[in-house]
Amino acid sequence: MTIISPSLLACDFLNIEAELARLEGESDLWIHLDIMDGHFVPNLTFGHPIMKLIAGKSSLPLDAHFMVTNPDFYIETMKDLNLHVFTFHIEATQDAVATAKKAKAIAKKVGVSLRPGTALSSLSDELLKQVDLVLVMSVEPGFGGQKFMPESIARIQELKAKRAALHAHFLIEVDGGINPNNSQSLIQAGADVLVAGSAIFKSEKHNYSETISKLRGTP
Ligand code: DX5
Ligand code: ZN
């Protein structure tokens, strides 16, 4: 089943405990946390203290997406959170293989992400064999509620082919502007994990399970 990772960026922050409770019990569901440092992207979200509170209130795997200039610093500070995924940006590191190896010590899976304008060729074969996940941004990172960039579909297909050629095992995750109208084309292209913020938390009915099923294309 396609994993869905609701991005808390779009949730009701003043009622975050209730929001998390509404997601409990769903299978193949992660919680996507967007950590922004006001430097790598022009927006600032939350860090360790808030993540610690979230970790204490949810039994779902935490999928942390670090949009930060210095991911290595965050590896050190996030040790106790038992993260399921630690994803950093390729544009933010000098030595991505070294960062990935370091992050592996504090998270179950390590992911690498790229901005829409960054060439897939910036991910070396060595890195692709090392990571557990590649996060394809389908909007410019920094804000929720943006429009999906359809060029991402070809990038997913290319990554899927590359994974087969390398006999690599990384999951392909896509993030930004995803809703039930475009999710099927992403799954068909090869996406294993879909991040969705607005589509889930800002849906008219606020029926999260229903939106999650729609995103997966299951009845
Ligand atoms: C953007 C974030 C996304 C964003 C997704 O920088 O990485 O996770 O919150 O939100 P929607 O689904 O609203 O585009
Ligand atoms: Zn994200």
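Just so we're clear, the structure is a prediction, and the values are computed from it rather than from any experiment.
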Do [X] and [Y] have side chains that approach each other closer than 4.5 Å (heavy atoms only, starting at C-beta)?
X: Leu159; Y: Phe170; answer: yes
X: Pro71; Y: Thr93; answer: yes
X: Pro42; Y: Phe143; answer: yes
X: Phe88; Y: Val110; answer: yes
X: Ser113; Y: Val134; answer: no
X: His32; Y: Glu173; answer: yes
X: Met78; Y: Leu83; answer: yes
X: Leu81; Y: Met51; answer: yes

Just how far is it from atom [atom1] of [X] to atom [atom2] of [Y], taken to the nearest 0.5 Å?
X: Arg22; Y: Cys11; atom1: CZ; atom2: SG; result: 10.5 Å
X: His84; Y: Ile31; atom1: NE2; atom2: CD1; result: 12.5 Å
X: Ile106; Y: Phe86; atom1: CD1; atom2: CZ; result: 5.5 Å
X: Ile178; Y: Ser198; atom1: CD1; atom2: OG; result: 11.0 Å
X: His65; Y: Thr87; atom1: NE2; atom2: OG1; result: 7.0 Å
X: Leu171; Y: Thr2; atom1: CG; atom2: OG1; result: 11.0 Å

[X] (side chain) donor-acceptor with [Y] (main chain) under 3.5 angstrom:
X: Ser138; Y: Asp175; answer: yes
X: Lys104; Y: Lys108; answer: yes
X: Asn179; Y: Asn182; answer: yes

Indicate if [X] and [Y] have the same hydrophobic cluster label, given that clusters are the connected sets of ILVMFWY residues with side-chain heavy-atom separations under 4.5 angstrom.
X: Val139; Y: Ile35; result: no
X: Ile4; Y: Leu33; result: yes
X: Met137; Y: Leu114; result: no
X: Phe201; Y: Ile212; result: yes
X: Leu133; Y: Ile90; result: no

Residues [X], [Y]: salt bridge by 4.0 Å N-O rule:
X: Asp95; Y: Lys101; result: no
X: Lys162; Y: Asp125; result: yes
X: Arg216; Y: Asp28; result: no
X: Lys129; Y: Glu126; result: no
X: Glu210; Y: Lys214; result: yes

* To do: Report the residues that fulfil ring pair (Phe, Tyr, Trp, His ring centres under 6.0 Å) with Phe148, sequence neighbours left out, ordered by chain and then residue number.
  =>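 Partners of Phe148 under the ring pair (Phe, Tyr, Trp, His ring centres under 6.0 Å) test: none.
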If we check side chain to side chain contact (heavy atoms under 4.5 Å, CB included) with Leu8, which of these qualifies: Ile200, Asp34, Ile50, Leu20?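 Only match with Leu8 under side chain to side chain contact (heavy atoms under 4.5 Å, CB included): Leu20.
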Which residues share a side-chain hydrogen bond (donor to acceptor under 3.5 Å, both in side chains) with Lys57, sequence neighbours left out: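 With sequence neighbours excluded, Lys57 shows a side-chain hydrogen bond (donor to acceptor under 3.5 Å, both in side chains) to Glu17, given in chain and number order.
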task = With sequence neighbours excluded, tell me which residues meet side-chain hydrogen bond (donor to acceptor under 3.5 Å, both in side chains) with Glu19.
result =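 Only Tyr208 meet the side-chain hydrogen bond (donor to acceptor under 3.5 Å, both in side chains) criterion with Glu19.
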Taking everything shown except [X] itself, do over 12 heavy atoms lie less than 6.0 Å from its [atom1]?
X: His206; atom1: NE2; answer: yes
X: Glu24; atom1: CD; answer: yes
X: Asp12; atom1: CG; answer: yes
X: Gln146; atom1: CD; answer: yes

Practice problem: Using the side chain to side chain contact (heavy atoms under 4.5 Å, CB included) rule, take Arg115 and Thr118 through it: C-alpha gap first, then chi angles, then the decisive distance, then the call. | Solution: CA-CA 5 Å; Arg115 294 178 183 274; Thr118 302; 3.7 Å; yes
Could you tell me whether the side chains of His48 and Thr77 share a donor-acceptor contact shorter than 3.5 Å?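 Looking only at side-chain atoms, Thr77 and His48 do not form any donor-acceptor pair under 3.5 Å.
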Open item on the list: With side chain to side chain contact (heavy atoms under 4.5 Å, CB included) as the criterion, how do Leu29 and Ser5 come out once you've worked through the C-alpha distance, each side chain's angles and the decisive distance to 0.1 Å?
Closed with: CA-CA 6 Å; Leu29 196 74; Ser5 194; over 6 Å; no
Under 6.0 Å between ring centres: does that hold for Phe66 and His89?
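Between Phe66 and His89, the centre distance exceeds or equals 6.0 Å.
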